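Have a look at the structure below before the remarks.
Predicted model only: the values in this text are computed from it and were never measured. Just so it is clear, the values below take in all heavy atoms, side chains as well, and ignore hydrogens, waters and symmetry mates. Sequence lines set the chain letters: A, B, ... in the order given, protein chains first and strands last, and positions in each chain run from 1.
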Protein chains: 2
Amino acid sequence: MKIGEFASQLGVSTDTLRYYEKHKLLMPSRRTSAGYRDYCHSELKQMRFILRAKHVGFSLAEIKELLQIKFHKQQHSCNEVKELTIQKRDLIAQRIDELTRFHQSLTILADTCCGGKEPANNCSILSTLEDLDGLN
Amino acid sequence: MKIGEFASQLGVSTDTLRYYEKHKLLMPSRRTSAGYRDYCHSELKQMRFILRAKHVGFSLAEIKELLQIKFHKQQHSCNEVKELTIQKRDLIAQRIDELTRFHQSLTILADTCCGGKEPANNCSILSTLEDLDGLN
DNA sequence: CTTGACCTTAGTGTGTACTCTAAGCTTTAT
DNA sequence: ATAAAGCTTAGAGTACACACTAAGGTCAAG
Ligand SMILES: [Zn+2]
Ligand SMILES: [Zn+2]
Ligand SMILES: [Zn+2]
Ligand SMILES: [Zn+2]
């Protein structure tokens with residue numbers, strides 16, 4: 001299968017596939033005599049693995065690690081896979097906490113502002129950012 | 001005040017201050033005869049505004065908009081400021097939702113894996129990413 | 001036999017917020 | 001007088017995940 005059809009079956013761009021190849025996430029094993037990439041069924045499966053891993057939040061660098069483990073399952077333990085998963089989850093939890101703090105501060109700011117059409121001379125949002133430390 | 005002292009009073013790096021100047025967030029009004037930046041009290045206040053805005057989650061581009069409004073309060077309404085704040089908050093809410101989905105998926109994955117020391121041949125995390133669509 | 005769709009590579013651009021480097025001037029302290 | 005510390009600039013590098021471009025080769029249909 002050439003790159004165009006392969007890409008459209010997966011709903012990704014050909015650029016993405018070439019990018020993944022350059023970064024060693026998915027290397028088609030064969031080329032045609034003209035030098036065209038020739039993808040096969042197992043590469044389809046691998047690309048689905050990559051997309052599912054992305055869908056649950058793994059970065060490409062992390063997916064590369066997961067693929068290494070998948071290729072050499074004997075050399076790696078369940079524990080290792082679980083650790084990767086949990087570390088990623090905890091990192092995401094931290095980011096959620098940070099964003100939640102932002103969300104709360106912004107809500108407080110927005111709630112105190114009248115939102116009217118008059119000039120912003122006395123806007124409570126601006127004055128809070130200027131002077132006070134009424135946030136958290 | 002020269003850049004080094006100014007920076008340490010605010011807890012930022014001199015690089016950061018030069019970066020903000022290049023991007024028109026904070027332009028010291030004077031230079032010494034030797035060409036050194038000379039910061040004054042009002043620039044200290046402005047930098048504090050910037051840092052507070054960052055602290056509640058605004059990006060530098062958004063802070064630049066807020067500063068424009070702050071400098072020309074007559075030309076802008078309370079409504080405008082409130083809109084910026086609410087739009088930012090809603091964008092953050094979207095991002096939180098996405099991360100929360102990641103978090104849930106990763107928790108499901110982690111919970112099904114035994115996490116033991118045996119080889120990862122039958123690791124449920126890997127097999128879920130390979131075959132099944134047991135996530136969301 | 002030519003048109004158009006598809007493929008190739010290498011390289012550049014995007015957005016965010018800095019951080020670091022090199023090469024050279026100024027100020028301060030000894 | 002000199003050495004250390006601090007200042008200047010322009011420009012490159014970092015992370016992430018691609019998107020886009022140019023210049024050219026290949027393949028199937030009419
Ligand atoms: Zn108002
Ligand atoms: Zn207001
Ligand atoms: Zn296990
Ligand atoms: Zn497992």
Taking distance alone, no hydrogens or angles, what donor-acceptor pairs closer than 3.5 Å link side-chain atoms of residues 15-26 of chain B to residues at least two apart or in another chain?
unit_1	atom_1	unit_2	atom_2	d
Thr16(B)	OG1	Ser13(B)	OG	2.9
Glu21(B)	OE1	Arg37(B)	NE	2.5
Glu21(B)	OE2	Arg31(B)	NH2	3.3

Using a 3.5 Å cut-off and no angle test, enumerate the donor-acceptor pairs between side-chain atoms of residues 91-98 of chain A and protein atoms at least two apart in sequence or in another chain.
unit_1	atom_1	unit_2	atom_2	d
Arg95(A)	NH1	Glu98(A)	OE1	2.8

Contacts table for residues 109-120 of chain A: side-chain donor-acceptor under 3.5 angstrom, sequence neighbours left out:
unit_1	atom_1	unit_2	atom_2	d
Thr112(A)	OG1	Leu109(A)	O	2.9
Thr112(A)	OG1	Ser124(A)	OG	3.0

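Among residues two or more places apart in sequence or in another chain, the side-chain hydrogen bond (donor to acceptor under 3.5 Å, both in side chains) test is passed with Ser59(B) by Glu62(B). Every residue was checked against the ring-ring contact (aromatic ring centres under 6.0 Å, His included) condition with Phe58(B), not counting sequence neighbours, and none meets it. For Tyr39(B), the ring-ring contact (aromatic ring centres under 6.0 Å, His included) test picks out Phe6(B), with sequence neighbours left out. In this view, Ser42(A) satisfies the side-chain hydrogen bond (donor to acceptor under 3.5 Å, both in side chains) rule with no residue, not counting sequence neighbours.
The separation between Arg95(A) atom CZ and dT16(C) atom C1' is 11 Å, rounded to whole Å. Rounded to whole Å, atom P of dA17(C) lies 13 Å from atom CE of Met47(B). The separation between Lys88(B) atom NZ and dT16(C) atom C1' is 11 Å, rounded to whole Å. Residue Asp15(A) contributes atom CG, which lies 12 Å from atom C1' of dT12(C) at whole-angstrom precision.
Between Glu80(A) and Lys70(A), none of the side-chain N atoms (NZ, or NE/NH1/NH2) sits under 4.0 Å from a carboxylate O, so this pair counts as no salt bridge.
Near DNA chain C, defined here as any heavy-atom distance below 4.0 Å, the residues from residues 37-44 of chain A are Arg37(A), listed numerically. Annotation: proximity of residues 17-32 of chain B to DNA chain C (heavy atom, distance under 4.0 Å) is found for Tyr19(B), Tyr20(B), numbered in ascending order.
There is a path of hydrophobic side-chain contacts, each under 4.5 Å, that joins Met1(A) to Leu51(A). In the hydrophobic cluster analysis, where Ile, Leu, Val, Met, Phe, Trp and Tyr join through side-chain heavy atoms closer than 4.5 angstrom, Val81(B) is grouped together with Leu60(B).
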**Request:** Would you check, one step at a time, whether the test side-chain contact (heavy atoms from CB on, under 4.5 Å) holds for Val12(A) with Met47(A)?
**Result:** CA-CA 10 Å; Val12(A) 302; Met47(A) 189 62 188; 4.2 Å; yes
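Nucleotides of DNA chain D lying under 4.0 Å from heavy atoms of chain A occupy a range whose first and last members, 5' to 3', are dA17(D) to dC27(D).
Rounded to 10°, the angle separating the first-five-pair axis and the last-five-pair axis of the helix from dC1(C)-dG30(D) to dT30(C)-dA1(D) equals 30°.
Of all non-hydrogen atoms in Phe49(A) and Leu126(B), the two that sit nearest each other are CE1-O, 3.9 Å.
Mapped onto DNA chain D by nearest heavy atom, Ser13(A) and Lys2(A) fall at different nucleotides, with Ser13(A) at the one closer to the 5' end.
Taking side-chain N and O atoms only, Thr14(A) has no distance below 4.0 Å to OP1 or OP2 of dC6(C).
Under the ring-ring contact (aromatic ring centres under 6.0 Å, His included) criterion, no residue pair touches residues 72-115 of chain A, with sequence neighbours excluded.
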